[in-house]
Amino acid sequence: MNKVFPTAQAALEGVLFDGMTIAAGGFGLCGIPELLIEAIFDAGTRNLTIASNNAGVDGFGLGILLATRQVKKMISSYVGENAEFMRQYLSGELELEFNPQGTLAERLRAGGAGIPGFYTRTGVGTVIAEGKEHKEFDGKTYILERGIVADLSIVKAWRGDPSGNLEFRKTARNFNPPAATAGKICVAEVEEIVPMGALDPDKIHLPGIYVHRMIQGEHEKRIENRTTRKKEAV
Amino acid sequence: MNKVFPTAQAALEGVLFDGMTIAAGGFGLCGIPELLIEAIFDAGTRNLTIASNNAGVDGFGLGILLATRQVKKMISSYVGENAEFMRQYLSGELELEFNPQGTLAERLRAGGAGIPGFYTRTGVGTVIAEGKEHKEFDGKTYILERGIVADLSIVKAWRGDPSGNLEFRKTARNFNPPAATAGKICVAEVEEIVPMGALDPDKIHLPGIYVHRMIQGEHEKRIENRTTRKKEAV
Amino acid sequence: MAEGQKGWDRNQMAARAALELRDGMYVNLGIGIPTLVANYIPAGVNVTLQSENGMLGMGPFPFEGEEDPDLINAGKQTITELPQTAYFDSAQSFAMIRGGKIAMAILGAMEVNQEGDLANWMIPGKLVKGMGGAMDLVAGVGRVVVVMDHTSKHGESKVLKHCTLPLTGKGVVDRIITNLGVLDVGHKGLHIVECADFVTEAELRAATEATIVD
Amino acid sequence: MAEGQKGWDRNQMAARAALELRDGMYVNLGIGIPTLVANYIPAGVNVTLQSENGMLGMGPFPFEGEEDPDLINAGKQTITELPQTAYFDSAQSFAMIRGGKIAMAILGAMEVNQEGDLANWMIPGKLVKGMGGAMDLVAGVGRVVVVMDHTSKHGESKVLKHCTLPLTGKGVVDRIITNLGVLDVGHKGLHIVECADFVTEAELRAATEATIVD
C-alpha cells in the first residue's frame, strides 16, 4: 500500500466529482492545503460544498475556487477577509452556512469519530439555533449539532512519514486534524516526507490511519496580516 | 500562581470530600496516578464514585481503595483483573456502572469539552442502551450518552513544566488526557518537572490550562502481565 | 491626548479592561480593542492568553524579519511564542473554551443590551463578518467583558434595552466597558461601576438607552 | 498435533483468521486466540495493528529484560513499537474505532447467533469481565470476525439461534471462525464457508444450533 503520490493532481485522481463535499484544514491562510486547492481549481470540479473555517482571500487559497464559481456552498465561521466571498454571499450567488468556529471544529471531529450529533450551548438564543433541536441538561438549554462526514478531506501538515503519520507546526495545526478525520478519503500535503521511524511516535499529531494519500511540495505560506514590533521599541 | 506542590497529600488538601466523584487516568496499571491514589487512601475519603477504565489490582492502584471500602461506585469498562472488584460487585457491596471503553473515554472528553450529551452506536441493542434515549440519524439508531464532569481529576504524566503542560509516554497516555479535562479540579503527578521552556510547545499532550496542581514523585510503575520473547527465538 | 478630554480613547479602554485580569487567569482577547489589552497587563499579574486558532501562551508581535507564517493569532496577525506556550488543534481549542476552562473573554461588540445579550457578528444585508469563535466564547468562558464605543458615529446608543442586530449570545455579558464608563449587567438592569475620565454619571445615563438601575 | 485430528486447535484457528487480513489493513485483535493471529500474518500482507489503549503499529513482545511498563497492549501484555508506531489517548483511539477507520476486528466470543449477535462480556451472576472496548469495536469497525470454540466444554453449541447471554452487539458479526470451520452471517441464516480439517459438513451442521442455509 503506497500512500505517497508524485503530484497533487495524481493524489486527487478518481476522488473528485461534481457536487461533492470537501472538508478543508487551515485558519485564514495559515496551514491551508494550497497545493490541493490548486489541483481542484485545475480539475474544474463544480458544485462543491466546502467545510472550512475561512475561504482564503481573493486569488489565494479557497478564494480561487470562489472566483471560478466552483463552490456552491461554504460551511464557515468567518468571511471577514474575503471581499469576493462576502459579495457572492450578499448577492445570493453562494450558499453560506455560518457555523460558530468551535461548533464547526467539533462537527468535523464528531463526524470522524462516529458521533452523528452532540449538544452544545454555543448559539443558543441566536439564529444559529433556529430549526435545531433544543434539549435541557441539568437545567440548561443546549442545541443539537450534527457531525460532518465529507466525501474528501484536504489538509496540510509540516512533516509526514510514508505511513501517513503527520506532524503539524505551531498554529498551522488548527482545523487540519479534525478536518482530516471527517473525510471518507483524506489527502494530505506536507512540506517534507521523512523516512519511516524518523517521527517520534509520542509526537505524532495525526496517526497515519486517517491519511489515505499524500504529497510533498513547495508551499508559499502567504502571510495575511504581517504585524511586527521594532527592536528599538523593546 | 504556583501549581507545584511538595507532596500528594499537600496537592489534595482542601479538594477531597466524602461522596465526591473522581475521574482517574490509567489503563490497567499503566499510567495510573499511583501516588495520588495512595494519598486518597491515607486521607480516608469515603463514598467515592470513581470513573476509571479499571480499578487496579488487589493491593495496588485503585484496588487499595476498594479494599478499604472507600469506593461506593465505579464507572468502568473492565473488572477482569481484579478479584476483589468482581467479588464486591457480585455480592452487591459495590455499585458498578459498566461503560463501554470508548463511551467512557468520550464521556470524559465531552464533560471536559462542555458537551452534556452525544450520540453513539456503541451499545445499541445491549443492556447498555436500556433506559437511554434512542434517536435515528440517517436511518441508523444511536443512543444518547452523557458527558461526565467530576469533582476531581487525578492523572499521571511523564514530564510536566511548572505551568502544568504535560507530556505522556507511550501507552501510558491512555485515559489521562480525557480524565484530566473532566474534572473541576485536576491534580497531576509526574515523573519529572522540567523547567519552563524545556518542553517543545508543538509536543505538549495536555496544555497547562487543564492542570491546577501537580507533584513530582517516584513511581513504581508495576507491570501487570509481563510477556517476553527469547532472543534465541528470533 | 489633551488634558481634560471627555471619556477614554481606545488605549484607555484597553487599559481599563486590563484591570479585570487576575493573576493566574487564562484569558481570550478578541479582535480590535481587546487585542490592545495585552499591552496593559498590570505588573505582578501573570495571565496566559489563549488564541482560539490553537495556542495558549501568546507572545508579542515578532521583530521585523522574524515573522513566521505558521504562527498567527485569531486576528491572523503574526505573533510569537513564550516559554509556557502550547499548541493544539481547533477542536481541542474550543473544547477548552466550551468546557469553561478559560476564565474570561474580552470581546468587542456592535450592540449590547441590559440583559447581557451581545451582537457583534453581522448587520443583515450590509456587513457580514461571521461569528468566528465569539459564539463559542460567550457560551463557554467564565466571565465575558465587552469593550466597545458607547454610541455609534451618529450618536445613537449601542447600550440598548433590546438588541436590534442578530445576537452572538443571549444573556452572556457580565461587564461592559465603553469610552464613557463601566457598567455591570444585573438582574433588573445595568449598574454603573464607574464613569470614564471627565464623564458625569448624568452624561453616561443620557448616552445609554438601556435601563440603568440604582 | 496428531495427523488426522478432527478440527483446528487454537493456533490453527488463529492461522485461519489471519487469512482474513488484506494488505494495508488497519486491524484490531482482541484478547485470547485473536492475539495469536499476529503470528500468522501471510507473507506480503502488511497490516497495522491497533491496540485500543492508544497505539497504532503494535510490535511483538519485548526481549526479556526490555519490558517497558509504559508500553502495553489492551490485554495488559508488555509489547514493543515499530517504525510506523503512533501513540494517542483513549478518546482518540475510540474516535477512530467508532468512526469506522479500522477495517476489521477479530474478537473472541462466548456465544454468537445466526443474526450476527455477539455475547462476550459477562455471564450473569457468575462471571463478569466487562465489555472493555468490545462494544465500541463491534459497533464501529468495518468487518467483525469472531474466533471461538464451536461448542462448550459440555458439548453444547455456542453458535445459536438466539444468544442467551447479555449481548456485546446486535447484528454485528460478519464471519465466525471456530475449531470446526468457517461460517458467514447471511440474511436468512448462516452459510458454510469451509470445514476445518477432517470435519465433515454434516458434523459442522450437527454441532451448530443456529440455522444453516444452503
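Heavy atoms only: backbone and side chains are in, while hydrogens, waters and symmetry mates are out.
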[X] versus chain B, the contacting section by heavy-atom distance below 4.5 Å:
X: D/Asp117; answer: neither
X: D/Ala74; answer: both
X: D/Thr85; answer: neither
X: D/Ile97; answer: neither
X: D/Glu52; answer: both

Have [X] and [Y] got a donor and an acceptor in their side chains that come within less than 3.5 Å?
X: D/Gln114; Y: D/Thr208; value: no
X: D/Thr78; Y: B/Thr227; value: yes
X: B/Glu136; Y: B/Thr141; value: yes
X: D/Glu111; Y: D/Thr164; value: yes

Please classify the contact of [X] with chain D as side chain, backbone, both or neither, using a heavy-atom distance under 4.5 Å.
X: B/Val79; result: both
X: B/Phe85; result: neither
X: B/Asn82; result: neither
X: B/Ile128; result: side chain
X: B/Glu220; result: neither

Ionic contact status for [Y] with [X], cut-off 4.0 Å:
X: B/Arg159; Y: B/Glu191; value: no
X: B/Lys73; Y: B/Glu97; value: yes
X: B/Glu93; Y: B/Arg69; value: yes
X: B/Lys231; Y: D/Glu64; value: no
X: D/Asp70; Y: B/Lys221; value: yes

Report the option among [options] that has the most heavy-atom pairs separated by less than 4.5 Å from atoms of chain B.
options: D/Val138, D/Leu167, D/Asp89; value: D/Asp89
options: D/Gly171, D/Ala139, D/Pro69; value: D/Pro69
options: D/Ala91, D/Ala134, D/Gly133, D/Gly132; value: D/Gly132
options: D/Glu81, D/Glu67, D/Lys76, D/Glu66; value: D/Lys76

Report task. Look at atom NZ of D/Lys161 and say whether more than 12 heavy atoms of other residues, nucleotides or ligands are closer to it than 6.0 Å. Result -> yes
**Report entry** NE2/D/His191: more than 12 non-hydrogen atoms of other groups inside 6.0 Å
**Finding:** yes
Hey, which of [options] has the most heavy atom pairs under 4.5 Å with chain D?
options: B/Glu106, B/Arg109, B/His205; value: B/Glu106
options: B/Gly102, B/Ala110, B/Ala105; value: B/Gly102
options: B/Gly125, B/Pro100, B/Gly28; value: B/Pro100
options: B/Glu224, B/Gln101, B/Arg226; value: B/Gln101
options: B/Tyr89, B/Phe168, B/Trp158; value: B/Tyr89

Query raised in the report: Short question: side chain of D/Thr48, backbone of D/Tyr26 - any donor-acceptor pair under 3.5 Å?
Result: no
